[in-house]
Amino acid sequence: MNKNKIMKKILTADNTETFLNEEVGESYHSQTGAVEEALKKYALPCNIKELAKTGRIKILDVCFGLGYNSAMAISVALQENQRCEIEVVGLENDAAILEKIQEVSPPILFYKHYQRLHPGRLEFYERTVHVQVILGDARETVKKLLDEHFDAIFFDPFSPKTAPAMWSINLFQEMARVMKSTAVLATYSCARMVRENMSAAGLIYDEGPIVGRRGPGTVATKWKY
Ligand SMILES: C[S@@+](CC[C@H](N)C(=O)[O-])C[C@H]1O[C@@H](n2cnc3c(N)ncnc32)[C@H](O)[C@@H]1O
């Protein structure tokens, strides 16, 4: 199937663009605001501003898509500390969505650098920032990542209804494995199954921020603070 035909560009409520995947029946971001979601559901609850002050941040962007979540986090971090060293690892299984990065222009400062990414170029360095996308099923590619490596995880698969296998106990166990003891994982979903699976994987969940008129997201850590 020609994936270009099933991805339709749409405008979300904060006037920023995303794509609707007509095969999956879901968009890549919340229709209440794609860029707002990147900031309020991912960068802020994962304490990116505070982490930037330490001078070093490692972010795992699970289900990278157009890369809004980590591009926003980099922008927030560099605004706080322009010398911050930032490593982003993105996990994505669909090369076709990487081609779409050229077709959007979200108001995210660092995004112009993300536009160097495409299926033939999965990595770049820009001053103190290193971004790398690993193409493949995240349930497999995550296994290559080091233990206790990341300060923040942005966990953004399609919904639990559409993609239940992406919200499994096994995958949350892998997330816990690669999280530093102080790391925060953030996701937009507040589904009961998601939270139960996080608990079964040894994570401690809490309410994430409420953005727009949707339910809260979920944040998870390895220890209760
Ligand atoms: C809701 S979108 C995420 C949007 C993304 N965070 C962004 O800022 O554009 C879900 C993404 O998960 C990807 N995906 C679906 N199944 C996957 C899998 N098994 N492994 C890795 N990525 C997957 C899809 O291709 C899609 O890009």
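Read the numbers this way: they start at 1 and go in the same order the structure lists the ligands and their atoms.
No salt bridge links Arg56 with Glu87; every basic N to acidic carboxylate O contact stays at or beyond 4.0 Å.
Of the possible polar contacts, none joining the Asp156 side chain to the Cys63 backbone as a donor-acceptor pair under 3.5 Å is found.
For Phe155 and Tyr188, the ring centers are positioned 6.0 Å apart or more.
Every residue meeting the salt bridge (Lys or Arg N to Asp or Glu O under 4.0 Å) condition with Arg195, not counting sequence neighbours, appears here in chain and number order: Glu207.
Alongside Val184, the hydrophobic cluster contains Val219 (criterion: ILVMFWY side chains under 4.5 Å). Cluster partners of Ile10, using a side-chain heavy-atom cutoff of under 4.5 Å among ILVMFWY residues and allowing indirect links, are Leu20.
The residues lining ligand 1, counting any heavy atom closer than 4.0 Å, are Tyr28, His29, Cys63, Phe64, Gly65, Leu66, Gly67, Tyr68, Asn69, Glu92, Asn93, Asp94, Ile97, Gly136, Asp137, Ala138, Asp156, Pro157, Phe158, Met166.
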